[in-house]
Amino acid sequence: MTPVRAESDSVLFSPHRLGALDLPNRIVMAPMSRARAGAGDTATALMAQYYRQRASAGLIVGESSQISRQGQGYAWAPGLHSAAQIAAWRGVTDAVHAAGGRMFAQLWHAGRMSHASLQPGGAAPVAPSALQAASAKVYIDPHGRGAPSRDGELVAASIPRALSAQDIADIVADYARAARNAIDAGFDGVELHGAHGYLIQQFLDPASNLRDDGYGGSLDARLRFVFEAAQAVAAAVGAHRVGLRFAPWRADADAAAESDALALAARMDALDLAYLHVCEDDTGQRPPLSDAFRRDLRARFRGSLIYVGGYTAQRAEAALQAGWADLIGFGRPFIANPDLPHRLRRGLALADGDRATYFGGAQQGYTDYPTASDPETVAEAETA
């Protein structure tokens, strides 16, 4: 992947006001699970080094962090529900801030995208309805070793149990508690994870939500859970510190889900959230977002709009110039290019990440990628 050299007056490298934060550029490091949390699902010194290396992003959105043990969806994911986790995350946010960066936490409940071995007492995961995610695979620690390892195993998600009304209220409270924990841990804000088939999206999608109790059926009812969760989080930490990540499609790749997404945006606008983080498909398996959707989303939501999904510097610049995006998320390019904003600005070739080291393990493929300021890297990049 070779980016187009960005001009000095590029919008991509201009500042942007996000809530109460002044971002130096429009580049967002998108959340990426790397499965390297330590004992007790705590952040580690290695994680602090990893995020500090990438602090030149306008904003870092941290990896999925479960709001409770019940919310965990795979092994070695960090949490935001215990005192030890709060203290450990403080080491990460301090490192990012010392390097001049800004960081949001991503609040995550996996719902049915989980396995009994990850649940308290080996219980079944939870979901809007007792429907197994038929083709989903989740990452578990089959050997019970505790420490991050590449020996994790992908297994079928367990059959979930349907949430009761009280269960739903408890999870909404967990979201608010985790948001307060994130601020106590030094994060600048929080993002609710409402994409990738996790709990919020399970409520939104009629294929996974068969409820008839006020949380399912009509679009208004399917929007109720995410609205209550976002409302509780905004009340806990301030709406200017809250964003929502979502994907504007359903499990069946129905393009008509754009209308559902616009209704969701209007609900989030009513809460005055800081941003929406729109996940575009970069696999070619789903219809591309329409121009009409992008225009309508801008009209429905007054906050900032982040788009993510296979962007290059050139495509990012075009989106910003067109006005339907305020910020652009980059995911996998940040893995092997810790100084990605610098490389994009100079038009340097990007390094490719080692997929075998994406999940689990230690520093290899995590904190050992060089920056373009390293002499050998500069020579390689400028002759590429």
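Worth knowing before you read on, the calculation uses all heavy atoms, side chains too, and leaves out hydrogens, waters and symmetry mates.
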Can you name the one residue among Leu46, Ile335, Thr357 that meets side chain to side chain contact (heavy atoms under 4.5 Å, CB included) with Tyr366?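 Per the side chain to side chain contact (heavy atoms under 4.5 Å, CB included) rule, the option paired with Tyr366 is Leu46, out of Leu46, Ile335, Thr357.
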Glu280 pairs by salt bridge (Lys or Arg N to Asp or Glu O under 4.0 Å) with which of Arg294, Arg286, Arg245? Arg294
Contact between [X] and [Y] at the side-chain level, heavy atoms closer than 4.5 Å - yes or no?
X      : Y      : value
Leu264 : Met268 : yes
Gln85  : Pro78  : no
Asp22  : Pro15  : no
Val308 : Val278 : no
Phe187 : Ile60  : no
Asp41  : Arg69  : yes
Tyr369 : Asp354 : yes
Pro125 : His115 : no

State, without any angle test, whether [X] and [Y] hold a side-chain donor-acceptor pair at a distance under 3.5 Å.
X      : Y      : answer
Gln119 : Ser114 : yes
Asp167 : Ser164 : yes
Ser304 : His16  : yes
Asp188 : His97  : yes
Ser14  : Arg26  : yes
Gln166 : Asp170 : yes
Gln70  : His109 : yes

Would you name the heavy atoms of [X] and [Y] that are closest together and state the gap between them?
X      : Y     : answer
Arg102 : Ala55 : NH2-O, 4.0 Å
Tyr51  : Val92 : CD1-CG1, 3.7 Å
Ser64  : Ser33 : OG-OG, 3.9 Å
Ala110 : Gly73 : CB-CA, 3.5 Å

Using 0.5 Å steps for rounding, measure from the CG atom of Leu163 to the CG atom of Asp213.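 So the CG of Leu163 and the CG of Asp213 are separated by 10.0 Å.
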Proximity of Phe225 and Tyr215 rings by center, below 6.0 Å: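 For Phe225 and Tyr215, the ring centres are not under 6.0 Å apart.
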Are Gln106 and Ser65 close enough, and set up right, to give a side-chain hydrogen bond (donor to acceptor under 3.5 Å, both in side chains), and what steps lead you there? CA-CA 6 Å; Gln106 188 181 65; Ser65 300; over 6 Å; no
Specify whether [X] and [Y] have parallel, tilted or perpendicular ring planes, treating 30° as the upper limit for parallel and 60° as the lower limit for perpendicular.
X      : Y      : result
Tyr139 : Phe359 : tilted
Phe104 : Tyr275 : tilted
Tyr74  : Trp108 : tilted
His193 : Tyr198 : perpendicular

Does [X] come within less than 4.0 Å of [Y], counting only side-chain N to carboxylate O?
X      : Y      : value
Arg17  : Asp326 : no
Arg54  : Asp339 : no
Arg222 : Asp260 : yes

Between Gln201 and His196, does a side-chain hydrogen bond (donor to acceptor under 3.5 Å, both in side chains) hold up when you go through it step by step? CA-CA 7 Å; Gln201 192 167 25; His196 304 339; 5.8 Å; no
More than 12 non-hydrogen atoms from neighbouring residues, nucleotides or ligands closer than 6.0 Å to CZ on Arg315, yes or no? yes
Between [X] (side chain only) and [Y] (backbone N and O only), is there a donor and an acceptor less than 3.5 Å apart?
X      : Y      : result
Asp174 : Ile67  : no
Arg343 : Leu350 : no
Glu258 : Leu289 : no

Charged tip of Arg355 within 45° of Tyr358 ring normal and under 6.0 Å: no
